[in-house]
Each structure stands twice: as structure tokens, then as C-alpha cells.
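So the structure is just underneath, and the comments pick up after that.
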Amino acid sequence: MDAITFDGSCTPNPGGCMGLGWVVTLQNNSFSILGNDRLDKDNSNSALFAEYLALKKGMLEYVRAEGQGPLVVMGDSQTVIYQLRGIYPVMNDDIWNIYRDIVAIIREYELDVHFRWVPRAQNQQADRLSKTKGKVRILYPDDREFLISLEDAPVSGNLRQKIARMNSIPFPANSMFKGLHTASRDILSDKGLFELQAMAGDKAVRMVAEAFPGKKERSKHYQAQALRWMLRGLAMDLAIHKMRFDILNNKKQGSNSSADKTKNRNSRSKKKVKASGAKYYLNRRTYAF
């Protein structure tokens, strides 16, 4: 199921500054859409008001990301969850207005929604977002920046179609990042980091340097690869995400390969023990991935 977790805070309560946090997770993606907001002091502010506002913003984010349900909404505010389930009545006019907005979103998009209370320990990510002062920026296709238009990029055929599709989707699935690769070397493959930096410009150079910091060869390789994807017409944020996905995927493959080698080595050792009849004590190893 798709999922939304939310949390809100008000300091002091009531009448203080409100912090909102929400996390939207779509079942066809292995990453979440994070969002947060802060509102200045007001006499009408309260912790319950913040909880409802966080949920409303999370619901709006969910439908904007084209979520279609089924959806489970989880929060650590028993009052909010039980009011939305119809167990508790809504007595406050301000809360009632937001409650009505949430119900309207559910009806307009015909969502199959289940509301579930969870303890605070299971809602830590939304809680941290509600207390984060910096704004978490969410990029949609209309917000994306490009180094070069796809029409002018040095790509063609199947790769051009894949990049165009990814640029048009709010949150491309990991399978799309996995399938994004060049069939053979292109004109960007042989260009070094300094040449790529000159082609890309200062902003792109800063982005990749912040995403993959360091002066070691590995960091320079990641920076160069991200710039190559930007220069192939992939959106700048997606080029960064592509490289992060490749790094994580390579680490997983390396871990699996190491585990397979260890398994085969242990298997051969056991066979030798059985054949000779001798007694051997194998060292126990703990692997942390």
C-alpha cells in the first residue's frame, strides 16, 4: 500500500510557531517524498492544528505525485486518527475546516484510505521534519532544471526515449534508473572531468561537488558521470539521483559477490574436512554491510 506519515508541533502550545512534517511513500518506488513547513506565531495555532495541516499537505503531495491508493495514513496523534475514523467528534471550527478539506480530497480522487494510529517511535521521520527549520524542496517536472535540451543532446534512439520519459515523471522508479545506460561509448564518454566542467558551467559543477565531495579519484569519477548525464539531457536532479542509485547498486552487488565467495570457500572447506576425516575449526566471521 502507499503510505503517508505526518506530524505537527507548536512551540509554545497554544499560540506558538507551528512545524509541519510529512512523508509520502508510493508502493512503486523505494524512496519517499519528504516535505515540511513552518508557520509563524498566531493565537489560533495549536499542536492539533499543526497535525491536521501536516496531513492535509501530505495528502495534497500524494495526489500531485499521482498516487491512486490504496493508501494507509499513519500518525501518532490519536485525536486526529480517531476523528478521521469517526470515533471522536470534531468540536473546533478551525479543525473542522481542515477536516472537511481532507475529506474532499479523498472524495475527489476516490481514494481508498485507511487511517492507523502508530506510536511516536514509529513516526520519527515525520517528527524530525516537523522540527527541521530548513525547507525541504520537492522537485516536480515543472520545477526541474536542465543543462541542455534533449533535442540538442548527443543522444538518440532508445536512450533519448528513456531520458524523455524520466524527465516527465515526478518520481521515476528505481527500475528506470537501473535501465538507464548507454549501449556503447558516446562523445561524452572520453571527456575528462575538467572538460566536462567547462561544458557544464558553474552551477552544475557546484551541484555535483556537493553531492559527491572530495578530491579522490572515486569522487571525481562520480562527478564526471553525473555531468555526463546532465549533458545527455537528463534533468540535473535526476542525474545526481542516477549516480547515487548506481553507487548504492554497485555496493549491493559487491556485498553479494563477497558473500557468495565466502559461502563457496566455506563449502570447499567443509568438503575437505569430510574427505580427510580430520577435525578443523572454522573461524566465525561477522560481516557488516
Side-chain angles (χ1 to χ4, degrees), residues 2-26 31-67 69 71-111 113-145 170-171 237:
D2 296 340
I4 295 176
T5 58
F6 66 96
D7 205 355
S9 61
C10 183
T11 307
N13 185 35
C17 295
M18 293 195 301
L20 320 176
W22 60 90
V23 181
V24 178
T25 304
L26 302 178
F31 63 94
S32 300
I33 308 162
L34 311 181
N36 69 338
D37 203 356
R38 294 185 67 80
L39 287 84
D40 294 333
K41 291 182 179 181
D42 191 279
N43 291 334
S44 61
N45 289 354
S46 68
L48 185 62
F49 192 30
E51 295 270 3
Y52 263 99
L53 274 178
L55 175 54
K56 179 182 175 180
K57 287 179 177 287
M59 293 291 295
L60 290 172
E61 206 70 63
Y62 178 71
V63 297
R64 188 181 179 190
E66 299 180 355
L71 170 68
V72 57
V73 172
M74 295 173 286
D76 57 40
S77 171
Q78 192 175 73
T79 301
V80 174
I81 297 299
Y82 281 18
Q83 284 179 341
L84 288 163
R85 288 173 60 179
I87 298 174
Y88 292 171
V90 180
M91 307 297 291
N92 182 282
D93 289 341
D94 292 330
I95 300 297
W96 172 254
N97 290 332
I98 307 176
Y99 172 95
R100 189 171 53 187
D101 291 342
I102 294 170
V103 172
I105 294 170
I106 295 170
R107 288 177 178 171
E108 180 180 354
Y109 292 91
E110 299 179 348
L111 299 177
V113 184
H114 305 267
F115 295 95
R116 182 188 305 166
W117 176 83
V118 294
R120 186 175 297 276
Q122 296 180 25
N123 199 34
Q124 292 182 356
Q125 193 171 25
D127 177 63
R128 284 196 297 268
L129 286 167
S130 71
K131 296 171 183 175
T132 300
K133 293 183 179 180
K135 180 73 173 175
V136 176
R137 189 183 177 202
I138 301 170
L139 292 177
Y140 285 88
D142 293 342
D143 303 322
R144 286 188 175 133
E145 296 182 76
F171 309 100
D237 64 298

Identify the heavy atoms of Arg38 and Lys133 that sit nearest to each other, and give their distance. CD-CA, 3.7 Å

Spacing of Thr132 atom OG1 and Asp127 atom CG [to the nearest 0.5 Å]: 9.0 Å

Identified side chain to side chain contact (heavy atoms under 4.5 Å, CB included) counterpart of Trp22 within the set Asp37, Leu55, Leu60: Asp37

Nearest-0.5 Å distance, NZ of residue Lys56 to OH of residue Tyr99: 15.0 Å

Any idea which heavy atoms bring Ser9 and Ser130 closest together, and the distance? OG-O, 3.9 Å

Looking at NZ of Lys131 and CG of Asp7, how far apart are the two atoms once the value is rounded to the nearest 0.5 Å? 7.0 Å

Heavy atoms only: give me the nearest Cys10-Ala47 pair and the separation to one decimal. CB-N, 3.5 Å

Less than 3.5 Å apart, any donor N or O on the side chain of Arg120 or Asn123 sitting next to an acceptor on the other? no

Student check: side-chain heavy atoms of Asp76 and Glu51 closer than 4.5 Å: yes

Under a 4.5 Å cut-off applied to non-hydrogen side-chain atoms, are Gln83 and Ile95 in contact? yes

For Gln78, is the CD atom crowded, meaning more than 12 foreign heavy atoms sit under 6.0 Å from it? yes

Quick one, Ile106 and Leu71 - any side-chain contact, counting heavy atoms below 4.5 Å? no

Correct closest heavy-atom pair for Ile33 and Ala65 would be CD1-CB, 3.8 Å

Using the side chain to side chain contact (heavy atoms under 4.5 Å, CB included) rule, pick out the option among Met74, Lys57, Glu61, Met59 that qualifies with Ile4. Met59

Determine, stepwise, if the pair Ile105 / Tyr62 fulfils side chain to side chain contact (heavy atoms under 4.5 Å, CB included). CA-CA 10 Å; Ile105 294 170; Tyr62 178 71; over 6 Å; no

CG of Asp2 to NE2 of His114: how many Å apart, nearest 0.5 Å? 11.0 Å

Pick out which of Leu129, Thr25, Val24 makes a side chain to side chain contact (heavy atoms under 4.5 Å, CB included) with Leu34. Leu129

Closer than 3.5 angstrom, by distance alone: can the side chain of Asn45 be matched with the main-chain N or O of Asp40 as a donor-acceptor pair? yes

Less than 4.5 Å apart, side chain to side chain, heavy atoms only: is that true for Met18 and Leu53? yes

Hey, does Phe49 have a side-chain heavy atom less than 4.5 Å from the side chain of Asn92? no

I'd like to check Ile102 versus Tyr52 (side-chain heavy atoms, cut-off strictly below 4.5 Å). Are they in contact? yes

